[in-house]
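Just so we're on the same page: letters track the sequence lines, and every chain starts at 1. FYI, side chains are in, hydrogens and waters are out, and symmetry mates aren't considered; it's all heavy atoms of this structure.
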Amino acid sequence: MNKINFAKAVKLLEEAYEDWDAPAKRFERGYRRTPYTIMISVVLSFRTKDEVTLAADKKLFALADTPEKMVKLSRQEIEKVIYPVGFYRKKAQTILDISHTVLERFKGEVPRSEAELLGIKGIGPKAANIILESAFGVETVAVDIHVHRILNRWGFVSTKTPEESLKILKEKLTPAEQKGLNKLLVSFGQVLCRPVKPICSECPVVQLCERKL
DNA sequence: AAAACGGGGGC
DNA sequence: GCCCCAGTTTT
């Protein structure tokens, strides 16, 4: 797929977004959405299905939805609630570590810069991107496993890893063209262009896709 | 560069 | 039963 068709595909996706992304809005969160709860929720979501994460979010934030309250819980209390998400021992410890860091280093406020977020143990590049985007509305440029898969299926890149895809994306596209792309393609990858059994019959871009994967 | 951390959902 | 999950830290 060349750059012209890539731009067309993105445009088609944007125009049809409300239709195909409706299922992604099916979740009622049932807890206060603050930068802090968003950050903790991101930690819980690592390598875990959305439905499972959400159930754990609700239970955990019913117990504590601020760092002040969270550090009063024991690791075992947290583990008990988040058990189904997997990696529960490590994640419980990470949640406590992060809460302490936010309290002590940042006066209880989640920092707004990527560098400061990355300085927190337990927050890596992907988590920092999600937090910046979801909590502070910053449009980030990143290539996660969804975006990587889609770019390859479309035939816009031919790469092995998300890191390679990101490199090529930055070479091929201007910063303006990259803006908002990540969020759009992640939604697309979750709803239609899934890893297994993509729903090509409902895909707005199927005519342009080269189905490379 | 590879291992370790893991239970739950879809098929 | 097998594959997958917006990942990060440690070895």
Answer with base, sugar-phosphate or nothing: what part of the nucleic acid does A:Lys197 contact at a heavy-atom distance below 4.0 Å?
sugar-phosphate

Chain A reaches DNA chain B, atoms under 4.0 Å from its heavy atoms, from B:dC5 to B:dC11

Requested in this report: Kindly check if the number of other-residue, nucleotide or ligand heavy atoms within 6.0 Å of NZ (A:Lys167) is above 12?
Outcome: no

task: Can you tell me, in whole Å, how much space there is between the P of B:dG8 and that of C:dT8?
output: 23 Å

Side-chain donor/acceptor pairs under 3.5 Å, residues 192-200 of chain A, sequence neighbours excluded:
unit_1, atom_1, unit_2, atom_2, d
A:Arg194, NE, A:Lys197, O, 3.3
A:Arg194, NH2, A:Lys197, O, 2.9

ask   = Will you find, in the side chains of A:Thr159 and A:Ser165, an N or O donor that is under 3.5 Å from an N or O acceptor?
value = yes

Just distance, no hydrogens or angles: give the donor-acceptor pairs under 3.5 Å from side chains in residues 106-121 of chain A, sequence neighbours left out.
unit_1, atom_1, unit_2, atom_2, d
A:Ser113, OG, A:Glu116, N, 3.1
A:Ser113, OG, A:Glu116, OE1, 3.1

Check whether A:Thr37 reaches the backbone of A:Thr34 with its side chain - one donor and one acceptor, N or O, closer than 3.5 Å.
yes

In terms of heavy-atom contacts, A:Tyr36 and A:Asp65 come closest through CD2-O, 3.4 Å

message = When you compare the side chains of A:Glu133 and A:Asn129, does any donor N or O come within less than 3.5 Å of an acceptor on the partner?
response = no

Pairs under 3.5 Å (Watson-Crick or G-U), crossing ones as [ ], inter-strand ones as |: DNA chain B comes out as |||||.|||||

For this session: Compute whether any side-chain donor of one residue and acceptor of the other, for A:Lys80 and A:Ser74, lie under 3.5 angstrom apart.
Result: no

Q | Within 45° cone and under 6.0 Å: A:Lys172 NZ/CZ vs A:Phe156 ring | A | yes

* **Rounded P spacing from B:dA2 to C:dA6 in Å** => 23 Å

Those residues at least two apart in sequence (or on a different chain) that pass salt bridge (Lys or Arg N to Asp or Glu O under 4.0 Å) with A:Arg75 are A:Glu79

Per-nt protein contacts along nucleotides 5-11 of chain C (heavy atom under 4.0 Å; B base, S backbone sugar-phosphate only, - none) come out as BBBSSS-

